[in-house]
Structures are given as structure tokens and as C-alpha cells.
Amino acid sequence: MNGLALRPPRWLAGLVLVIASTAAEAHAQHSVARQWNELLLESIRHDFARPTVHARNLFHVSAAMWDAWATFDPVAEGVIFREDHATMSPAIDLLRNEAISYAAYRILKARFANSPGAALMLPQYDALQTALGYSTTDVGTSGDSPSAIGNRIAQAVLAFGLADHSNEANNYANEVYEPVNPPLLPEFPGNPTLQDPNHWQPLALQYFIGQDGIPVPTGYPPFLSPEWGQVTPFALSQTDLAVNQRDNYDWWVYHDPGLPPRLGTPTASDYKWGFELVVAWSSHLDPADGVMIDVSPGAIGNAPLPSGPAQYPAFYDFAHGGDWGPGHAINAITGQPYAPQWVPRGDYTRVLAEFWADGPASETPPGHWFVILNYVSDHPLTVKRIGGLGPVVGDLEWDVKAYLALGGAMHDCAIAAWGVKGWYDYIRPVSAIRYLADRYAADPNDPDAITLVPGLIERVTFQTTAPCHRHAHLAGHEGKIAVRAWRGPDQIQNPATDVAGVGWILAENWWPYQRPTFVSPPFAGYVSGHSTYSRAAAVVLHRLTGSPWFPGGLGEFVCPQNDFLVFERGPSVTVRLQWGTYYDASDQTSLSRIWGGIHPPQDDIPGRRMGQAIGNDAFDQAAQIWAGTLPARASYATSGSGCLGSNQQRVTLSGVPNGLPVIGSTLAVDVFNLPVAVPVFWMLVGTDALSPGLDLASIGAPGCMLEHQVLASVPVPAAFGIGRWELPIPTSPSWLGLSIHHQAVGVDAAANTLGLTISDLGVARVGL
């Protein structure tokens, strides 16, 4: 069997995919990059479940391994480390192996030194380094030996990480974000504390266990990475960036999907429909309801995305679940039809929700796709031609290129999706569903109350609670809302033997298909991170292999009867999750989050569209890095400190984040601390720096430095000591890579003999 299989000793700890071949044989065939990647994935499984942080770890280690490979190549470019040690030596792979190993070893030891799994993982790093024949004590960075190069790469990557706005030095703590709503106590009925139904609500639990299986004694962690939009990306472009202001803070949003539907607005009906669909799909989690479905690639998948919210009701099957995908008439690789696989719908939906949940001891969603990439790489039908074209490459080249592309995409997905989450701060189903039901109980005529759907969402009445009627067990709760849904963790005493099933419960007690110690992820819903990560990964795998199809036209994961589910007993039959294409797997990921009660449709499709764009951009950039043809990227930096004005302040420059020097756009620079009474300042502009700078003390301006050659001076209006200089950048390739040096000069008669004050130096590099 060439399917995906669980690692037997660990399956209860997490959903870990490995190749169904002899482990020792597979290990012997793996490149050093793959071996370090496997250790990184294992480290993530034993760390806190932080998908943003681990997407960054995956990218940084992947970039380090690529940079170690590229430094010995005459053409390829580095990502973070850029030294040229090109060689024609026949031992080039040995040089690369050594540099890769030192770089990866040092980064893993630094990044996971304080992990809860450190006691387990740190010795494994030493063991692999030693098994490969390298020193665990060589920290030298001088010279051109592969070990020194690898150590310098690690040094560069770790320094880069401390300056990438992730706040790593403070354990990635949030800087300004505060939740709008007080916490929900899900063990108690309803949602009486919610103040704004359009915003995220933290949860308060007596005992919280994260998706990593690690207890959090405080009850619930804060919102994860709400300010992650400011983290330095791989391929995200300034042309896709919007910068918004809230609480005197810049919220960076790439690929802005716009506002989600909200109560109290014309989109309120879309808001309610989305969360009501989550309720409806919760009724599909019963393996004993008699509903059988064909879950082979011949019957499901192959779903084109809806064009917009107006098509959502047609795309999602409200009553029966799933999307409008017709499946694949034939396996495009074999030319044969797929064998049907009929299973209870309640088994399929539960397996789907748990498989893609990336629960305890998992490698989190971005790492999950690295496991799938490794599965594809190891498949006997995979031919390792980059993009499906050109020569067959060796395992090491394949792995470092594949990891760079996928790692860059996952990192950018974390930045973009969590930038949206932080800015829009959208509510989760467990909060919204209970709130909507509470509004109906308070006033059935409230337009923002939940909508009744016969057989799914109903009002409890004295007639329905009469003996032998459907709500008889809810007697005493007349006037409230009942939903036909998964009955929740209270029905499970022993997950190895019990199944909660589906039945009529009060909506005020509705629970996602999750443990009572987790409930819902600790961050906003919009957009779905799973949808964003998975769609981007599907794009990367498609473009890397040159085909959208899994090897042989079939990817498969076997979930054994009564030996897979963790939340409750099951599945009642063996279920094989099967995918024809990478997009089928990605789409299945997205649907799983609705069946799991974690996301409504409005979180899903915008995330998929973002992932599509991010995956393409990341692969394009990776391909240009491999080929050494990467165009200049727009950037802005300042240096120096300027000189004091009469107000005892220094004039300073600040590049506007979404006004960077991108070809065809406008460079924008804010100038601060100018003399308040001055209506105009002058921007001195040139293309070359002066080294050293010209000290103006001799002409009466002590402390003032002219840092660049001046080709032009531009008058700019100012008011209250602030001004903004703007420069249109032509749509011309000749401008790519041009550095625009500039300093602001203000007339300040009391500042010095010269009567001028000069700012620090700004350098805008024109790029894409």
C-alpha cells in the first residue's frame, strides 16, 4: 500500500503521517535536509501548539538549509545568508550536508531550548548531529569550512528572527491587542456576557489543554499572534498590503478580504446563515443515523470555488453537508474510475474533523502539510523533476527546494491570515450560536435572533415537550431554542468506549466537536488558518511536482475501525480518507473545520482565496531564488540620528508601510519633529551615499551630517512639525534596484549658526 499510515506507537498522541515502508530503509535513503526536517516536525509535536510560530520555524529552518545549499552554487541566491562559496568540487554534496547540519542543529537547539519537549528533543538533536559525523561543540564561525559556514547561517537566521517583528525576545507576547468581549464560560448555559457579537470572545475553562496536549494552568491562553501581520514575510508584496489604525497601532493586513458579515448591518442574514449551517452540520456527526455516503474521489472533491458570498448557499449543502464538487469521473493518472467507498456519514465527518484538527502532539497545520510533502517525496511514483520538467534532481536538491517553497508559503499564510484575524477580530461559532439562541429566547421577533429550521433548529414548546415527543427531555425549558446536534462531551465518560451521538439539545449548551478542555482555538475565526494554509500548500505541491494529482492519482490515509478517533469511540468502520488532487485534500481540510464546529463558511472561502494567491507568489519567489533571478524587493530603512533642532528634538523619517517604493506606485515618507512654525521643509534627494558623510559643523551646524550626494531638492508642505514627502515610482524595469537616498532639511534659525536642522538618512530601495 502506498497510502499514508499512522505511526503505531504514537497514534493516540497525534495524527502523524509516515510512509508505509520499513522505517530503517526509508531513513537510510533520506537526505540530511529531510532528517533535520523530521526532527523539526517532531519538535513541533512536543511544543506548544502555535501555528504561527511554527510556520515561522519551518520557514526559518528551511531557509537556512537552502542557504547552506545555495552558498556552494554559482547561480542560486540565498534568502537570509548571502555568501558565495561556489565550487566545482566533486565533494560538493558532502560540503552541503555539513553546512546544512550545523545550521539546522544550531537553530533547533536555540528555538526549542525552552520548549516543554526540550528534555526529549535536545538529546535527539545531539544524536543526529553525532550520527552524521559532526561535532556538537564546534561553534566556530571563522573561515570557510562547511561547519563555520553552517554556524554563520544559524547566527544570521537567529539574528534575523530577533528583528522580524515577531517579538520572539518576549516569547512572542502580544503588544497591544485586548479582546472586546469578556470571556465565555462554556460549561454554563448561553452567552450572557457577550457585548459585541461581531468580535472574538475568549473562553474561560477550569482546565485547558491546548491542541498540543499541554495543560495551560491559567485556564485559557490569550489571542495567539493578533499582531503577526507585521512579521517580515517571504514573498508577500507591499502591493497586497493595507495598513489600518486602531488603538494607536498599525494593523498590517495582506490580501485584505474585507469585512465579514456582521449583525446589525445589511449582511446580518449572511452572518446568521453561516452559523446556522454550522449547527446543521453538527447533526451529521452520528454514525448510527443510517446515512451512507460514497467518500471516494469519484464522488467528492473537484469543487470549483464560489465566486462570492451570493454563491455560498449553492456551494455548501446546508442539509446534507459537503460542497458542490462532483468528484472525478476517472483517475487522470491511471485512466480508471475510482472504486466507491461507502461509509456512514457520521464516521466520515468525525474522522475528517479529527484528522485535520491537528490536535494533541500534532505538527500543527503548516507542519501537517510538510508531512504530506514528505509522503509525496517518498512515493515510488514520484519523479523528482522540479515543476515536472527538466532533469531528475537528487534527493537533497529536491528537499531543500521543496522545503523553501512550502516553508515560505506557510510562513506567509501565517502572516496574512493572522493579520486578518487580528484586525477583523471575528467571533467563533461557540460564541455566536449560543448568543443567537439567547436572543430568540429573549425576543422571538428579534431580527438578529437565530432562524428556526424545522428538524434542526426549533423552539421548545409545551407541545414538543409532551411525553414521547421530540423535546420531552427538555421539559421545563419551554421558550428556549433546541438544536439537533452533536450532544457534546458531557455524554462521554470514556472516549475509548462512548459515543455522544446526535440529538436534541438546548442551543445554549451547543458545543463544537471538541474536548471539554479545548472547545475552540484561542484566536479569532476570520479567516480560517486551515483554509489558508491548505490551499497554499496545494498550490505549492501542484507547481513543485508539475501536476495537481497525488502520485498515481490517489493520496490515502487509513483510519482503522474503533482505533482512530480520540474525542470518542470510532470510527464504527474503517474509513479511508482519499484524495485525487492536492486541492481535494485542501478543500477537505476546509470542510472539516465546519463539521468540527470551528468555522462558518464566511471564514472558509476568503481563506482559500488568500491561500491560492500566497501559494503562487511563494512558489514564484522560490523559483527565482533557485535560479538566481529574483528581482529587487522594495524596502525602506533609515540610519543615523539627524541633529538637534531648537526644540531639542531630532527630525526623523519614517517610511509609510503601504507606501514603499514599489514599481508603479508612490513612495511615501513621513517627517516628524520639524520646527512647528515652518510651513515648508526641503527634501534633499540623490542615488548615492557619501562615505564618510559630510560633517556640517565647520559651517555652523554641529552634529549635522549630510549623508548622500544631492541631485535634487524638493519643497514639501508641513504643519505642526509634520509633513509627508511623496515620490511617484515609474512602471519601468530600469528603476528596479535603484536606491533613493534622502534627508529632510528644515529652516530653524535658533538651532545653530547655519539655521538649519537635518534629519536622519532614509534609503528607499525600489522593487516589486
Side-chain angles (χ1 to χ4, degrees), residues 163-165 230 232 238-239 241-245 248-252 632-663 665-697 701-729 735 737-748 751-752 754-767:
D164 71 348
H165 309 292
Q230 286 201 12
T232 303
Q238 292 89 347
T239 58
L241 175 64
V243 179
N244 305 299
Q245 273 281 332
N248 295 317
Y249 185 80
D250 287 340
W251 298 85
W252 290 27
R633 303 291 291 182
S635 64
Y636 188 85
T638 59
S639 62
S641 61
C643 53
L644 290 173
S646 59
N647 56 4
Q648 296 303 299
Q649 292 182 317
R650 303 177 191 275
V651 179
T652 59
L653 306 178
S654 178
V656 177
N658 54 348
L660 295 185
V662 177
I663 288 289
S665 69
T666 299
L667 166 67
V669 178
D670 285 334
V671 183
F672 299 98
N673 300 329
L674 292 160
V676 174
V678 171
V680 174
F681 68 93
W682 295 84
M683 187 65 80
L684 308 182
V685 185
T687 56
D688 295 296
L690 287 173
S691 183
L694 179 62
D695 189 342
L696 303 184
C704 298
M705 299 287 293
L706 183 63
E707 304 276 6
H708 69 290
Q709 296 178 355
V710 179
L711 298 179
S713 58
V714 182
V716 183
F720 306 107
I722 299 173
R724 173 172 289 185
W725 172 60
E726 295 186 339
L727 176 68
I729 308 296
W735 278 66
L738 182 68
S739 291
I740 303 171
H741 295 69
H742 50 279
Q743 288 179 274
V745 176
V747 176
D748 189 354
N752 48 50
L754 187 61
L756 298 176
T757 182
I758 300 180
S759 75
D760 49 351
L761 174 69
V763 180
R765 186 172 185 237
V766 180

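Checked by atom type and distance alone, the side chain of Glu726 never pairs as donor or acceptor with a backbone atom of Leu667 at under 3.5 Å. Of the possible donor and acceptor atoms, one in the side chain of Gln230 sits under 3.5 Å from a partner among the backbone N and O of Asp250. Using a distance-only test at 3.5 Å, with no hydrogens or angles considered, no donor-acceptor pair links the side chain of Thr666 to the main chain of Pro728. Looking only at distances, no side-chain donor or acceptor of Ser635 sits under 3.5 Å from a matching main-chain atom of Ala764. Checking side-chain atoms of Asp670 against main-chain N and O of Leu653 turns up no donor-acceptor pair under 3.5 Å. Proximity of a side-chain donor or acceptor of Gln245 to a complementary backbone N or O of Trp251 within less than 3.5 Å is not detected. At least one donor-acceptor pair under 3.5 Å links the side chain of Gln238 to the backbone N or O of Ala634. The main-chain N or O of Gly642 is found under 3.5 Å from a side-chain atom of Arg650 such that the two form a donor-acceptor pair. Remark: side-chain polar atoms of Asp748 are not paired, donor with acceptor, to backbone N or O of Gly755 under 3.5 angstrom.
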Val747 and Leu756: CA distance, side-chain angles, deciding distance, side-chain contact (heavy atoms from CB on, under 4.5 Å) verdict: CA-CA 5 Å; Val747 176; Leu756 298 176; 4.2 Å; yes

Go through it in stages, so that I can follow the logic: the residues are His741 and Glu707, the test is side chain to side chain donor-acceptor pair (under 3.5 Å), and I'd like the CA-CA distance, side-chain angles, deciding distance and then a yes or no. CA-CA 8 Å; His741 295 69; Glu707 304 276 6; over 6 Å; no

Report the C-alpha separation of Tyr636 and His742 in whole Å, then their side-chain angles, then the decisive distance to 0.1 Å, and conclude whether the ring-ring contact (aromatic ring centres under 6.0 Å, His included) test is met. CA-CA 11 Å; Tyr636 188 85; His742 50 279; 5.5 Å; yes

Worked verdict on Leu727 versus Ile729 for side-chain contact (heavy atoms from CB on, under 4.5 Å): CA-CA 6 Å; Leu727 176 68; Ile729 308 296; 4.3 Å; yes

Stepwise, does the side-chain contact (heavy atoms from CB on, under 4.5 Å) test hold for Leu761 with Thr638? CA-CA 5 Å; Leu761 174 69; Thr638 59; over 6 Å; no

Give the intermediate values and the outcome of side-chain contact (heavy atoms from CB on, under 4.5 Å) for residues Arg765 and Leu738. CA-CA 6 Å; Arg765 186 172 185 237; Leu738 182 68; over 6 Å; no

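Closest non-hydrogen pair, Ser665 versus Val662, comes out as OG-O, 2.6 Å. In this structure, Val745 and Phe681 approach most closely via the heavy-atom pair O-CB, 3.4 Å. Across all non-hydrogen atoms, the minimal contact from Val766 to Ile663 is CG1-CD1, 3.7 Å. When all heavy atoms are compared, the tightest approach of Val651 to Ala744 is CG1-CB, 4.4 Å. Closest of all the heavy-atom pairs between Leu696 and Ile758 is CD1-CD1, 3.3 Å. Taking each heavy atom of Leu241 and Pro657 in turn, the nearest pair found is CD2-O, 3.6 Å.
A distance of 9.0 Å separates OG of Ser654 from CZ of Arg724, quoted to the nearest 0.5 Å. Summarising the geometry, atom CG belonging to Asn658 is positioned 8.5 Å from atom CG belonging to Asn244; distances are rounded to the nearest 0.5 Å. Atoms CZ and CG, on Arg633 and Leu660 in that order, are 11.0 Å from each other to the nearest 0.5 Å. How far CG of Asp695 is from CG of Leu690: 12.0 Å, rounded to the nearest 0.5 Å.
His165 places a side-chain heavy atom less than 4.5 Å from the side chain of Thr232. Taking the side chain as every heavy atom from C-beta outward, Gln743 and Leu706 approach each other to under 4.5 Å. By the 4.5 Å heavy-atom criterion applied to side chains, Asp760 and Ser639 are not counted as neighbours. At least one side-chain heavy atom of Asn752 sits under 4.5 Å from a side-chain heavy atom of Cys704.
For the side-chain contact (heavy atoms from CB on, under 4.5 Å) criterion with Leu711, the lone passing option out of Val685, Thr687, Leu684 is Thr687.
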